[in-house]
Amino acid sequence: MPSDRSNRPDISQRILEAATRLFARHGFVGASLRDIAKAVGIRKPSLLYHFPSKDELRRGVLDQMLAHWNDVVPKILRAATAGPEQFDAIGAEILRFFRDDPDRGRLLLRELLDRPDELAPLLALRVQPWAKIVCDYIRKGQEHGRIQPDVDPEAYVIQVINLVLCGFATHGSIRSLVAGGSDDVEAGERLLTEMMRVAKASLFLPSAIAVPTRGATGTDAN
């Protein structure tokens, strides 16, 4: 008969999840290994068995987060149809990733501000490949007359990354600015919808944009 322990999520994954949450909230310096171990329900020596140092734990958190895009973006690009529908598929996956866990955006923003030189090699390894795919897609769309000819693909990708990271990282603090007494869920839906509208409208020629639906952000999709 399997033990209770065998039914628990993988301990390394639980450590990474707790570290993501605490690094995002308190920063790399402010979050101690003891605090992370306590959040997981283990002792610090047990944590160090899986991640021998705090730096290795940080690298594990960031590598897991960024590696996601090496896998998912090419698949979306191949599976989706050409044109704005393809953009919707990419955008929905990216927005869903950060919406499901806003700590991901907070952590990446902290790292970009606090340790840009240390993060640069990891970005080159994990982000640059899929960013290049998206840039190639933009150029192809320009050749076919779907995407605005004056769009700079690389600069556009950087601006959208900033839009998503900053939007989700700061949403919890400034959502009160959303008029109409929106609750957290409604404010989040409005944020997602507006992110997609801004990113899409600045990319495609008006004739190529279909009427947007809330399902385009992945928030109402079944």
Student: Which pair of heavy atoms, one from Ser53 and one from Leu48, lies closest together, and at what distance?
Tutor: N-CD2, 4.2 Å
Student: If you compare all heavy atoms of Ala39 against all heavy atoms of Leu22, which two are closest, and at what distance to 0.1 Å?
Tutor: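 Taking Ala39 first and Leu22 second, the nearest heavy atoms are CB-CD1, 4.2 Å.
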Student: Is there any side chain to side chain donor-acceptor pair (under 3.5 Å) pair reaching into residues 147-159, and which pairs are they, with sequence neighbours excluded?
Tutor: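 Only Arg139-Glu154 qualify under side chain to side chain donor-acceptor pair (under 3.5 Å).
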Student: So which atom in Leu205 and which in Pro149 form the shortest heavy-atom distance, rounded to 0.1 Å?
Tutor: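 Leu205 and Pro149 have their closest heavy atoms at CD2-CD, 4.3 Å.
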Student: Please list, chain by chain and in numerical order, all residues satisfying salt bridge (Lys or Arg N to Asp or Glu O under 4.0 Å) with Glu111, sequence neighbours excluded.
Tutor: Arg58, Arg115
Student: Taking side chain as C-beta onward, heavy atoms only, is Phe51 less than 4.5 Å from Leu33?
Tutor: no
Student: Let's go through Leu47 and Val40 carefully: what are the C-alpha distance in whole Å and the side-chain angles of both, what is the deciding distance for side-chain contact (heavy atoms from CB on, under 4.5 Å) to 0.1 Å, and is it a yes or a no?
Tutor: CA-CA 9 Å; Leu47 185 154; Val40 178; 5.7 Å; no
Student: Which distance, rounded to the nearest 0.5 Å, do you find between the CG of Leu203 and the CZ of Arg146?
Tutor: 10.5 Å
Student: Please report the closest heavy-atom contact between Ile147 and Tyr137, naming both atoms and the distance.
Tutor: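 Between these two residues, the closest heavy atoms are CD1-O, 4.2 Å.
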Student: Please give me the minimum heavy-atom distance between Ser202 and Val151, naming the atom from each residue.
Tutor: O-CG2, 3.6 Å
Student: Looking at every non-hydrogen atom in both residues, tell me the closest pair between Leu191 and Gly167 and how far apart they are.
Tutor: CD2-O, 3.8 Å
Student: Under the salt bridge (Lys or Arg N to Asp or Glu O under 4.0 Å) test, which residues partner Arg59, sequence neighbours left out?
Tutor: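 For Arg59, no residue satisfies salt bridge (Lys or Arg N to Asp or Glu O under 4.0 Å) once neighbours in sequence are set aside.
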Student: What's the separation between atom CG in Leu62 and atom CG in Leu16, rounded to the nearest 0.5 Å?
Tutor: 10.0 Å
Student: If I take atom CG from residue Leu57 and atom CD1 from residue Ile36, how far apart are they, to the nearest 0.5 angstrom?
Tutor: 5.0 Å
Student: Kindly write out the residues that satisfy side-chain contact (heavy atoms from CB on, under 4.5 Å) with Ala24, not counting sequence neighbours, or none if the list is empty.
Tutor: Asp103, Arg106, Leu107
Student: Under the side chain to side chain donor-acceptor pair (under 3.5 Å) rule, what pairs show up with a residue in residues 26-35, not counting sequence neighbours?
Tutor: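 Matches after skipping sequence neighbours: Ser32-Asp35.
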Student: I need the full list of salt bridge (charged side-chain N to carboxylate O under 4.0 Å, His left out) pairs touching residues 40-55, with sequence neighbours left out, sorted by first then second residue.
Tutor: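 Pairs touching residues 40-55 that pass the test: none.
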Student: So, using side-chain contact (heavy atoms from CB on, under 4.5 Å) as the criterion, who are the partners of Ala124 when residues are at least two apart?
Tutor: Gln128
Student: Once side-chain contact (heavy atoms from CB on, under 4.5 Å) is applied, do any residues pair with Asp114, and if so which ones, sequence neighbours excluded?
Tutor: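 Arg110.
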Student: Looking at residues at least two apart in the chain, or sitting in another chain, which of them share a salt bridge (Lys or Arg N to Asp or Glu O under 4.0 Å) with Lys132?
Tutor: Asp136
Student: Under the rule for salt bridge (Lys or Arg N to Asp or Glu O under 4.0 Å), what residues qualify as partners of Arg197, not counting sequence neighbours?
Tutor: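 By the salt bridge (Lys or Arg N to Asp or Glu O under 4.0 Å) rule, Arg197 matches Glu194.
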Student: Which hydrophobic side chains are connected to Leu113, either touching it within the sub-4.5 Å cutoff or through other members that do?
Tutor: Leu109
Student: Show, in sequence, the C-alpha distance, side-chain angles and deciding distance for Val160 and Val134, and conclude whether the side-chain contact (heavy atoms from CB on, under 4.5 Å) test is met.
Tutor: CA-CA 11 Å; Val160 170; Val134 175; over 6 Å; no
Student: Does Leu66 have any side-chain contact (heavy atoms from CB on, under 4.5 Å) partners at least two apart in sequence or in another chain, and if so, which?
Tutor: Leu108, Leu122, Leu123, Arg126, Val127
